[in-house]
**Q** 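Okay, here's the structure, questions in a sec.
All ligand and atom numbering here is 1-based and tracks the order in the structure.
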Amino acid sequence: MISQSYISGQWRSGGGGGVAMRDATSGELVATASSDGIDFRGALEYAREAGGAALRELTFHQRAALLRALAKRLVECKEEFYQLSFRTGATQGDAAIDIDGGIGTVFSFAGFGARGLPHSRFLVDGAVEGLSKGGSFVGQHLYVSREGAAVHINAFNFPIWGMLEKLAPAILAGMPVIVKPATATAYLTELAVRRIIDSKILPEGALQLVCGSIGDLFEHLNCQDIVSFTGSASTAARLRTHPAIIRQAVPFIAETDSLNCSILGSDAVPGTPEFDLFVAEVIREMTVKAGQKCTAIRKALVPTRVAGEVLAAMHAALSKIVVGDPRAAGVSMGPLVSQEQRTDVLKSVARLRSEARLVAGDLEHFDLKDADRDRGAFVPPLLLLCNDAKSASAVHEVEAFGPVATVLAYNDTVEAIALARRSGGSLAASVFSADDSLATRIVLGLAPYHGRILVVNRSCAKESTGHGSPLAPLIHGGPGRAGGGEEMGGIRGVLHYMQRTAVQGSPDTITAVSGRWARGARQLDPGRHPFRIPFNELKLGDTCKSADREVTIADIEAFAALTGDNFYAHMSEAEAARNPLFGGRVAHGYFLISAAAGLFVDPDYGPVLGNYGLDELRFVKPVKPGDRIKVRLTCAAKSLRADKGWGEVAWDTEISNQNEETVASYQVLTMVSIHAVPDSVGGK
Ligand code: NAP
């Protein structure tokens, strides 16, 4: 079988014999991959011109809907992926992380897009910045889609998750993707890409696949493209210094290797839940995916005085691990992905053994279930102990990308933090402690050197997602040796694929460009109350100015009686006078916004369906009995929810007093029907 590439709308087999991909357990040939003869310049152009153009036509909500449809389609193909995944050496549980984890990430990004992004093609970033005294010159940041291709180069260990966790944010951002999986497991990525292409859910050109080498693709990159790389630090170093990357300043996101640590807190002595949780987590991280996880725990830092108990508990737990054919019942750990990977791991273990002692696992004698040692890439779980972690170097530098971890003894918390930081930047760390002040010290000590830190104790353990799991809402990446990159993290992950631009001009220009009304821009008189205007007819700037009303002591007391809010600043002249901010009784802020609603709402049945919140509420100046307040309400932003029959409208709102001073400022968030009389509830 040949794993084909999908380039410029066609499945293609490269020339030559291709690189052999073998079953990790039996050594049988699964497929070959070659990209010889592929026109990579053409692939980039196809992505930019066909895929990019089609994606940029869509709004964030439409792209999110594509992702949801895609995730649903992939769920239907799961069984097929699981079967093929065994060939990579993954057990059923390992495959779940890759397959279900990958599909779950696509669902998550579909949700981020639908709920966290507007129904538009670009994103307004932050507030309007005032740049002049008179207010006629302002600035606004915007994010727009980059017009190039997102080139994703992935590691072998997560052939499906690795593709999908990068694909989803790129598609949401409006960028087409060229994915190049690691050759060792490219056949599984190929199967997933085939199912995606067959589904025709994504526009043509939005996804291309390279099985085999990436050829001369880098030569043809331009400043609109982006490269996101996952793999070893050495490959990253080579690629990020490619002349085209430097010449064109192509953004290069790197997720590379990492020596991650887990720290057993000094409070977590034997007999505590945290001690047991730590032992279980280290063993889980060693054996899931046979330790081939970039986030796996490589350094287990334990207080010297409990090191013996930790080793005994880990030894007992490791004795229950069954290594063998991942298809066989009862097998808890499969082989490494390939013989080459096995050779690499054994070399790394030899380096670690120069300063750490093997305390569990035997390279020569280990049992295998339903598998042949000579054919499969098997390595048993190997636990090492380093008693002199301070003077050691290899244990802080050598990543054995397999079922290998080293226990390092530490004397105090300062030393534990120092040892954790010795690996030059890592993806993830974990702390097992029920002492939150100790955990705080460790977290703050580790944070500059780690992309993610998990604190586990008895109260969160049951629901904790574990040390090694990157999650779609949280960033994945780390400084230094971990690559210095960042992925996912909810909408943050989408923004990596977009260009931020600062636009300066008059408030009217900024309103026109950004699609969001800026204070100082024209206020329009729509000739009727804006609450009578359906979503599609409402214009940015449509404004309603209310009549005014006096705020009286009777109002304040009635509001206090109604709500039970008898705070002294509203109720006692003498005590309010002592307050440095008020100098006498003032109205409740919440009364002001309630009274403002009374001033601006149009009470009749109509297109405004409801108010779902307030944003950016600030009480700017106190209102005293006898003051007169009035409200300005301006249509400031609109985002259609087409499938729901309404859109979201944010109203820029200012309450002012008789001296034209702003006393409160906020955004009123409403849902407004597309039609004058909402369909679903009939007319009146
Ligand atoms: P690798 O050898 O660096 O390969 C990574 C990717 O780069 C593969 O797709 C590989 O393709 C490609 N590649 C290699 N040389 C290249 C070149 N000259 N030009 C273009 N592409 C090139 O890493 P690996 O062995 O697959 O993965 C294991 C490493 O990845 C471990 O160190 C692990 O820690 C790290 N990793 C990190 C993360 C993370 O999120 N930080 C996740 C997983 C793994 P070929 O396979 O075709 O050579």
**Q** Once ring-ring contact (aromatic ring centres under 6.0 Å, His included) is applied, do any residues pair with Tyr6, and if so which ones, sequence neighbours excluded?
**A** Trp11
**Q** Which protein N or O atoms sit under 3.5 Å from any N or O of ligand 1? Give each pair with its distance.
**A**
{"residue": "ligand 1", "atom": "3 (O)", "partner": "Ser232", "partner atom": "N", "Å": "2.8"}
{"residue": "ligand 1", "atom": "3 (O)", "partner": "Ser232", "partner atom": "OG", "Å": "2.6"}
{"residue": "ligand 1", "atom": "3 (O)", "partner": "Thr235", "partner atom": "OG1", "Å": "2.7"}
{"residue": "ligand 1", "atom": "9 (O)", "partner": "Asn154", "partner atom": "O", "Å": "2.7"}
{"residue": "ligand 1", "atom": "9 (O)", "partner": "Ala182", "partner atom": "N", "Å": "3.4"}
{"residue": "ligand 1", "atom": "11 (O)", "partner": "Lys180", "partner atom": "NZ", "Å": "3.1"}
{"residue": "ligand 1", "atom": "18 (N)", "partner": "Arg238", "partner atom": "NH1", "Å": "3.4"}
{"residue": "ligand 1", "atom": "23 (O)", "partner": "Ser232", "partner atom": "N", "Å": "3.4"}
{"residue": "ligand 1", "atom": "26 (O)", "partner": "Phe156", "partner atom": "N", "Å": "3.4"}
{"residue": "ligand 1", "atom": "30 (O)", "partner": "Gly231", "partner atom": "O", "Å": "3.3"}
{"residue": "ligand 1", "atom": "32 (O)", "partner": "Asp257", "partner atom": "OD2", "Å": "3.4"}
{"residue": "ligand 1", "atom": "32 (O)", "partner": "Glu399", "partner atom": "OE1", "Å": "2.8"}
{"residue": "ligand 1", "atom": "34 (O)", "partner": "Glu399", "partner atom": "OE1", "Å": "3.4"}
{"residue": "ligand 1", "atom": "34 (O)", "partner": "Glu399", "partner atom": "OE2", "Å": "2.7"}
{"residue": "ligand 1", "atom": "40 (O)", "partner": "His476", "partner atom": "NE2", "Å": "2.8"}
{"residue": "ligand 1", "atom": "41 (N)", "partner": "Glu255", "partner atom": "O", "Å": "3.4"}
{"residue": "ligand 1", "atom": "41 (N)", "partner": "Thr256", "partner atom": "N", "Å": "3.3"}
{"residue": "ligand 1", "atom": "41 (N)", "partner": "Thr256", "partner atom": "O", "Å": "2.8"}
{"residue": "ligand 1", "atom": "46 (O)", "partner": "Thr183", "partner atom": "N", "Å": "2.9"}
{"residue": "ligand 1", "atom": "47 (O)", "partner": "Lys180", "partner atom": "NZ", "Å": "2.9"}
{"residue": "ligand 1", "atom": "47 (O)", "partner": "Thr183", "partner atom": "OG1", "Å": "2.5"}

**Q** Walk me through it: do Phe401 and Phe156 pass the test ring pair (Phe, Tyr, Trp, His ring centres under 6.0 Å)?
**A** CA-CA 11 Å; Phe401 203 59; Phe156 69 80; 5.8 Å; yes
**Q** Sort and list the pairs that fulfil side chain to side chain donor-acceptor pair (under 3.5 Å) and have at least one residue in residues 489-499, not counting sequence neighbours.
**A** Arg146-Gln499, His152-Tyr497
**Q** Provide the full list of salt bridge (Lys or Arg N to Asp or Glu O under 4.0 Å) pairs with a residue in residues 36-51, sequence neighbours left out, each pair given once.
**A** Arg48-Asp225
**Q** Checking the side chain of Glu355 only, and the main-chain atoms of Ser393 only, is there a donor and an acceptor separated by less than 3.5 Å?
**A** yes
**Q** In terms of heavy-atom contacts, does CZ of Arg194 have more than 12 from other residues, nucleotides or ligands at under 6.0 Å?
**A** yes
